[in-house]
Amino acid sequence: MAIRRYTKMEYGSPDEMVFGESKYPVSYGLGQTVGAGVVVPEINFAPRPGAEKNPESLRREYVDYITKDILDRAITLGFPTVQLENEHIFQMVNEPEKYAKPVVAGQKELMQKYYDEHDIALSIRHTLADPRLAEEGLRPGMDNKHSYPEKCIHSIEVAAENGADLLSIESTGGKEVADYAILRQDIRGWLFGIGYLGSIDMAWLWPQIVDIAKKNKVRAGGDTNCAGANTSMFMAGGYLDRDIPRTFAAVTRAIASARTLVAWECGATGPDKDCGYEGPIVKAIAGKPTSQEGKDSHCAHADLMGNLIAQTCDLWSNESVEYHPEFGGSSVQCWLGSIGYEAALMNTAKQLKQDKLLRDLYMATDRYRSPEAFILAYDNAYKIGLAITEHGNDIYLRAKAAGITAARLIEDESKAGKLRLSKHEQDMLRKIITDLSALPDEESKFVDQCLKAYKDVPMFNPRNYDL
Amino acid sequence: MAIRRYTKMEYGSPDEMVFGESKYPVSYGLGQTVGAGVVVPEINFAPRPGAEKNPESLRREYVDYITKDILDRAITLGFPTVQLENEHIFQMVNEPEKYAKPVVAGQKELMQKYYDEHDIALSIRHTLADPRLAEEGLRPGMDNKHSYPEKCIHSIEVAAENGADLLSIESTGGKEVADYAILRQDIRGWLFGIGYLGSIDMAWLWPQIVDIAKKNKVRAGGDTNCAGANTSMFMAGGYLDRDIPRTFAAVTRAIASARTLVAWECGATGPDKDCGYEGPIVKAIAGKPTSQEGKDSHCAHADLMGNLIAQTCDLWSNESVEYHPEFGGSSVQCWLGSIGYEAALMNTAKQLKQDKLLRDLYMATDRYRSPEAFILAYDNAYKIGLAITEHGNDIYLRAKAAGITAARLIEDESKAGKLRLSKHEQDMLRKIITDLSALPDEESKFVDQCLKAYKDVPMFNPRNYDL
Amino acid sequence: MLDLKSVNFDRILKRYDIQMESKESPEELAARMVPKDPTLRKVAEDVVFMRYKTVNDNVIAALKEYSPEDVIERGLIKGMDVVGELYGRGIYYLPHVMVAADAMDKGVKLCESKMKGVRETRGKVVMHVAEGDPHDIGKNIAAVLLKSNGYTVVDMGRDVAIADVVTTVEHEKPHIVTGTALMTTTMSAFPKIADKLQAKGVNIPFICAGGAVNRAYVESYPLGVFAAKAIQGPVLANKIVDGYDWRKLRENWDKLTAVKE
Amino acid sequence: MLDLKSVNFDRILKRYDIQMESKESPEELAARMVPKDPTLRKVAEDVVFMRYKTVNDNVIAALKEYSPEDVIERGLIKGMDVVGELYGRGIYYLPHVMVAADAMDKGVKLCESKMKGVRETRGKVVMHVAEGDPHDIGKNIAAVLLKSNGYTVVDMGRDVAIADVVTTVEHEKPHIVTGTALMTTTMSAFPKIADKLQAKGVNIPFICAGGAVNRAYVESYPLGVFAAKAIQGPVLANKIVDGYDWRKLRENWDKLTAVKE
Ligand code: B12
Ligand code: B12
């Protein structure tokens with residue numbers, strides 16, 4: 001499968017972007033269309049501890065309890081459309097026939113029933129687990145201990161064949177280097193890990209997913225960089241955290257978006273996965289629908305852009321919540337209430353032709369809450385998209401350009417504008433700009449440099465990336 | 001203490017009302033001002049089962065865990081202001097010195113520390129429990145078994161003396177009759193229970209709360225009709241529920257607002273409590289700030305007006321969530337994220353002078369989702385307010401007028417407009433209008449009628465209301 | 001206010017309730033289900049159509065032809081069965097059930113006054129709301145449904161002390177004891193009650209319900225059987241008088257409670 | 001885009017991080033804390049200021065005056081203490097700690113090569129991430145902090161089978177075993193490990209951490225001691241080598257972990 005790199009923007013200007021609309025809407029599932037004028041709530045969940053005990057207990061948890069609760073609540077509140085996301089747990093990728101198949105099939109069967117009875121638009125995203133371990137080998141034939149690469153691909157097939165509407169994954173290529181780099185604030189290492197190695201790994205993985213999707217007449221959604229940029233964001237945290245500076249996290253997000261784009265370049269149609277916050281950038285480039293999460297995904301993690309990130313979403317997600325009882329119902333029902341109502345608000349704004357205004361309110365609320373929020377504001381996201389497409393054919397240069405552009409945007413605004421940085425964030429920003437500026441202009445030189453510098457990083461094996 | 005009845009509207013027109021602003025802002029606590037241009041998130045919580053084991057375990061739960069988590073998360077996310085609400089549990093009203101005092105004092109001490117260190121505006125509402133049992137007697141001296149009336153008043157004093165900033169209660173006068181009536185769809189009984197008996201009970205209770213507040217230089221907030229109208233709403237539920245029709249619930253809400261107003265007529269200053277949805281009506285009448293809850297209180301209960309109800313709020317609440325861990329932190333931290341960001345969005349709209357537009361988006365989203373949402377839309381809420389003030393001096397006539405006005409608004413819109421009703425809801429609406437229209441024009445006749453009709457209602461004792 | 005004329009509300013919300021409305025009328029369903037005999041039929045219809053005023057006369061008329069036991073079983077309770085069916089199908093709402101139950105109650109009282117001994121009911125249930133907990137609506141609904149399904153209910157009310165529950169159970173010797181708790185801080189009474197009952201050798205099922213509790217919690221102590229909805233009360237009770245103990249109820253819980261929702 | 005000029009952002013958000021910024025500099029604090037002796041001082045400062053390049057030379061110089069043990073204890077580890085203090089006060093961020101630890105590590109290796117026997121560390125810790133769980137960042141951070149506080153770490157990596165953990169503990173005889181789990185569906189390995197260890201008579205504390213677990217869960221099985229943050233690793237470990245068993249750690253947990261946040 002040929003990879004078609006993005007070398008120009010699908011959107012002509014930032015202002016064209018708004019939630020609930022994308023250049024290339026996608027239809028799938030049971031009457032579902034995403035990106036064509038309606039924001040759809042996407043509800044994610046995790047089983048209770050112990051549910052994984054055996055295949056039947058897991059099926060019951062996912063189907064009889066979680067899926068049923070969600071569908072009932074959607075009808076109860078009058079939501080016209082809902083997407084479910086099931087993030088596969090380890091057992092489901094390790095023994096897909098045994099653990100995943102009954103879940104995938106059972107969910108779809110129940111959804112079909114509600115679709116038939118109530119005419120509610122429904123779809124389900126299956127996010128396959130990526131269990132591959134760099135230390136054992138990322139490609140087929142390399143991991144003699146667990147055969148994870150083979151199992152990973154097989155589990156995608158099982159999902160596609162048994163009822164998934166949308167296939168996604170948070171692939172982990174290059175993570176071993178990024179993990180090392182993040183703890184040392186080494187932006188070059190991070191760029192190498194995610195921007196470069198991650199893009200190579202995705203170019204291996206995603207054509208296979210797209211093929212499987214095509215064969216089964218379902219959709220290949222997209223990837224997000226949970227493994228990298230979300231880890232940065234998570235560790236950078238909020239105003240009480242001191243693990244890593246938020247300027248570093250912001251720049252890694254920009255770099256990650258150059259990587260996340262690869263799924264779509266391999267033929268995936270979107271909607272992109274929630275979980276990552278690269279959506280505004282990749283949507284600006286490719287015009288495909290994205291799922292985003294923010295203020296209503298605090299069940300899963302806090303962020304510093306809870307409203308802003310809704311600005312250009314097509315699905316609005318809660319990221320994930322453990323299934324358990326609350327006063328208001330089960331946890332999935334409660335969070336569905338929040339995301340469903342937020343989606344309804346956005347849809348009202350669309351109907352009243354006030355969507356761009358609401359978008360701007362979302363954006364303005366958090367524009368200066370953190371550097372990451374700032375670079376993801378749709379105008380800045382667009383600029384980062386431009387930097388990526390300018391070097392669209394070179395996975396190294398485009399990731400670097402994304403990083404530098406983000407860093408410069410932050411720098412300029414912190415000097416002349418309203419974005420305030422702590423001293424430590426400023427120091428880090430200066431170091432990032434210096435480090436990135438010092439990098440060579442050629443891929444081969446960069447790779448040589450990095451292979452040398454990171455050869456002792458635990459678990460890093462260049463053969464995983466054909467290097 | 002004299003009761004000053006509202007006989008005219010404080011707002012000149014519905015359009016003057018908007019979230020984050022009220023005619024009579026209130027200052028209290030640690031740098032807190034409500035209703036003066038900023039919407040404040042209000043976070044509520046319930047202790048884990050078992051926390052009530054002894055006073056120390058309860059104190060630890062409320063102070064060391066819950067309050068600390070909340071304050072940390074508020075700082076983490078950069079929320080400039082937060083209000084806590086502590087709904088007292090049975091043990092705290094039953095033995096206030098032992099159970100309530102250490103909690104109230106401990107919370108305040110910790111809040112003071114954060115206020116001093118971070119200059120975050122903070123306040124705490126203590127919602128005292130009303131444990132009184134109609135069957136034992138609602139007034140002092142009547143309940144020989146538990147002395148609940150005495151304990152209730154005493155617990156208010158304990159809270160006020162030890163650190164409460166704001167005193168609230170969800171008083172339960174008349175509930176025994178309303179409970180009976182709700183299960184039989186008897187609107188007259190409900191009007192008698194809540195509109196009449198409830199107002200009498202509040203006129204006894206609230207002057208005492210206002211006195212205690214004044215003596216301790218704290219604020220008397222307000223009451224809401226959780227016992228009545230929320231029970232209706234809760235039982236009417238959503239589109240899958242068939243317990244009671246939503247038209248009935250809507251009319252009870254309107255009646256309840258005539259009762260809820262009494263707290264303010266007795267001298268309470270607001271902000272009114274969350275939990276009830278009477279806010280838009282009583283705010284229209286009195287111009288005092290109110291706390292509301294909707295899409296971000298689904299942890300506590302689902303509703304059919306998750307956005308609409310934000311239209312005119314001054315505080316934005318999660319209603320209540322049991323303290324427990326989630327992926328994103330503790331449950332109180334997660335829900336604080338959601339309400340805090342929603343408040344931030346409203347505040348951005350205010351800063352950008354787009355608040356009335358956002359208000360209308362909120363309102364339009366749910367205007368036709370349910371009859372209750374419809375009558376609470378600020379234009380209709382205003383009309384119900386007018387009906388109440390027209391008969392402001394007569395607690396019977398004003399409650400009846402509120403009910404009839406609401407019923408007529410629903411009827412008109414369902415005939416000529418976009419509000420759709422199920423057949424059962426229509427039947428009920430017709431019956432309500434007939435029943436209410438048949439009622440006498442004089443309080444004394446009404447009371448005679450009801451005392452006869454409901455004399456056998458279990459637990460109902462006219463002496464509780466000096467009748 | 002913004003002009004809402006142009007809004008397509010179907011893209012914002014969907015009125016599933018209206019879409020689901022049953023086409024069948026209570027009359028149609030009742031016509032199929034009530035007894036054929038004209039005298040008993042009238043009695044049953046009084047219950048189905050909540051005719052509180054005529055039920056007395058019709059019961060008196062029926063008592064001329066039938067024994068009090070028959071009027072109850074084949075007239076009044078038959079009518080209540082129809083009501084249950086109407087509720088189950090979404091044609092009736094809860095208040096219909098409550099008012100129908102009031103009508104039935106009136107008829108039952110009349111029949112009982114004509115009986116020789118005490119009426120034999122399906123079983124006896126002791127009900128209560130946990131200490132410190134004032135939330136009794138759910139318990140009240142459940143009580144009505146149990147009564148109208150032929151059970152004798154000893155309603156201890158709300159805010160009931162642990163010791164009182166235990167004493168009453170010892171004294172009344174019911175088939176079932178129930179507890180309702182809507183607060184996380186009151187429900188801890190249930191395991192204590194269960195322990196004390198077991199200590200006294202009482203092994204009847206203890207149906208626990210109310211917003212605060214869930215199945216996992218209720219099944220964490222002996223005797224406990226969870227109920228999510230009041231309508232499950234009669235379903236569980238019927239099994240109990242059929243001989244199911246609390247362990248067997250737990251095992252079959254998913255199946256039993258799926259019957260009616 | 002809307003014009004944001006008029007916005008008063010202080011009414012929307014508050015930059016507590018900037019408000020809290022420490023006025024003190026690393027240099028000021030280090031000046032007070034590093035050893036007075038100029039040779040050891042240089043070694044300590046190499047750690048504090050993360051001078052990966054000079055640390056070798058300075059350690060070699062110090063080894064001329066001091067024993068390898070002294071250079072480690074009074075130079076390198078002293079430097080790391082300063083780093084910990086800087087981190088605790090919010091002056092340093094985590095990456096500083098990591099890079100300083102790298103520098104210390106380099107120095108320690110050099111010293112060890114000059115020692116007669118094996119260096120005696122404070123204690124030994126076996127660490128792992130639960131089976132099926134790939135989330136290892138937290139464990140990696142904790143490992144670095146334990147190492148830089150003078151502990152020997154046997155790092156088993158991620159996705160480690162239950163049996164392997166038990167075997168390794170039997171074999172290595174550590175003072176402490178740790179487990180990390182970030183998924184609700186992997187953490188159930190912990191009670192199993194605890195049971196198996198107890199069955200083999202191993203009674204060392206089993207520090208369990210990671211996003212999925214919480215204190216209540218970890219204290220629901222024997223041996224389990226919860227850690228919320230990596231920085232609590234050394235705090236708990238120090239108590240363990242001082243003789244606290246898992247029960248005593250649990251009793252004093254609130255106090256112990258409040259020390260540093
Ligand atoms: C109405 C209400 C009240 C009314 C109660 C009226 C009444 N007569 O019951 C009043 C105002 C009195 C009240 C008071 C309080 N309340 Co209140 N209340 C509610 C509310 C809104 C609805 C409860 C309700 O009626 N539900 C409908 C009924 C039908 O449901 P149910 O009882 O669960 O019954 C169903 C099933 O459980 C089952 N069932 C029940 N019993 C049985 C028995 C059998 C045998 C069977 C088969 C089935 C069965 O059948 C029913 C459905 O079919 C809830 C909100 C919520 N999310 O639950 C809060 C709620 C229960 N209250 C709450 C609180 C905190 C309080 C107060 C403490 C507040 C305060 N500080 O004043 C006080 C209590 C004071 C005291 N004495 O301690 C909290 C509890 C939090 C916690 N710690 O667990 C809740 C959850 C609200 C919240 N989200 O915070 N409350
Ligand atoms: C980054 C991340 C990943 C990365 C992991 C990178 C890595 N090397 O660790 C990748 C992409 C690989 C990943 C994959 C998956 N993940 Co993930 N991931 C996260 C994320 C965003 C952050 C985790 C993190 O790094 N936190 C920061 C570290 C520092 O925290 P920590 O490990 O807890 O450590 C701290 C303490 O616990 C303590 N500590 C830890 N260990 C020790 C040891 C000792 C001795 C001591 C003292 C202290 C200590 O110290 C640290 C702080 O100081 C979380 C989100 C969240 N809310 O947690 C989800 C999350 C954990 N992942 C989740 C899921 C579902 C997955 C996947 C299954 C998704 C999928 N379908 O692909 C896959 C796993 C596939 C598989 N093999 O099964 C869920 C888990 C849900 C559940 N069931 O419980 C989470 C919670 C996200 C969510 N909200 O849904 N993930």
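Hydrogens, waters and symmetry mates are skipped; everything else that's a heavy atom, side chains included, is used.
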I need the residue from A/Leu240, A/Leu357, A/Asp179 with the largest number of non-hydrogen atom pairs under 4.5 Å to chain D. A/Asp179
For the interface with chain A, which of D/Asp102, D/Asp133, D/Val97, D/Val99 has the highest count of heavy-atom pairs at distances below 4.5 Å? D/Asp102
Best-contacting candidate, A/Arg132, A/Glu135, A/Gln91, against chain D by heavy atom pairs under 4.5 angstrom: A/Glu135
Check whether A/Tyr378 gets within reach of chain D through its side chain, its backbone, both or neither, counting any heavy atom under 4.5 Å. side chain
Decide whether A/Tyr454 and A/Asp186 meet the rule of one side-chain donor and one side-chain acceptor closer than 3.5 Å. yes
Measuring heavy-atom distances to chain A, does D/Met1 have an atom under 4.5 Å in its side chain, in its backbone, in both, or in neither? both
Any idea which of D/Pro95, D/Ala212, D/Gly211 has the most non-hydrogen atom pairs under 4.5 angstrom with chain A? D/Pro95
Name the region of A/Gln185, side chain, backbone, both or neither, that has any atom closer than 4.5 Å to a heavy atom of chain D. both
Side chains of D/Phe206 and D/Thr178 in contact at under 4.5 Å (non-hydrogen atoms): no
Side-chain donor/acceptor of A/Thr172 to backbone N/O of A/Lys175, under 3.5 Å: no
Lys/Arg-Asp/Glu bridge criterion (N-O < 4.0 Å) met for A/Arg359, A/Asp355: no
Find out whether A/Pro49 and D/Ser188 are in side-chain contact, i.e. whether some heavy atom of one side chain is under 4.5 Å from a heavy atom of the other. no
Donor-acceptor under 3.5 Å (D/Asp46 side chain, D/Arg51 main chain): no
Name the member of D/Tyr217, D/Tyr92, D/Tyr87, D/Phe9 that forms the most heavy-atom pairs with chain A at distances under 4.5 Å. D/Phe9
Output yes when D/Glu24 and D/Arg32 qualify as a salt bridge under the 4.0 Å nitrogen-oxygen rule, no when they do not. yes
Just wondering, are more than 12 heavy atoms of other shown residues or ligands nearer than 6.0 Å to NZ in A/Lys53? no
Under 4.5 Å to a heavy atom of chain A? For D/His135 that would be neither
Proximity breakdown for A/Phe234 and chain D, heavy-atom pairs closer than 4.5 Å: neither
Is a salt bridge present between A/Lys356 and A/Asp15, judged by a nitrogen-to-oxygen distance below 4.0 Å? yes
With a 4.5 angstrom heavy-atom cut-off, is it the side chain or the backbone of A/Pro131 that approaches chain D, or both, or neither? neither
Cut-off 3.5 Å, side chains only: do D/Asp17 and A/Ser422 have a donor facing an acceptor? no
Heavy-atom donor-acceptor pair, A/Arg246 side chain to A/Gly238 backbone, under 3.5 Å: yes
So with a 6.0 Å cut-off around NZ of D/Lys106, is the heavy-atom count from everything else above 12? yes
Heavy-atom cut-off 4.5 Å, strictly under: side chain, backbone, both or neither for A/Leu58 against chain D? neither
Could you check whether the rings of A/Tyr368 and A/Phe374 sit parallel, tilted or perpendicular, using 30° and 60° as the cut-offs? parallel
Output the residues of residues 148-165 of chain D for which the shortest heavy-atom distance to chain A is under 4.5 Å, in residue-number order; output 'none' if no such residue exists. D/Arg158, D/Asp159
Below 4.5 Å from any heavy atom of chain D, which atoms of A/Pro245 appear? Answer side chain, backbone, both or neither. both
Chain D heavy atoms under 4.5 Å from A/Ala364: which part of the residue, side chain, backbone, both or neither? both
Is chain D contacted by the side chain of A/Met235, its backbone, both, or neither, given a heavy-atom distance below 4.5 Å? side chain
Could D/Asp105 and D/Lys109 be called an ion pair, given the rule that one side-chain N must be under 4.0 Å from one carboxylate O? yes
Which one of A/Ile182, A/Leu421, A/Asp366, A/Asn94 has the most heavy-atom pairs closer than 4.5 Å to chain D? A/Leu421
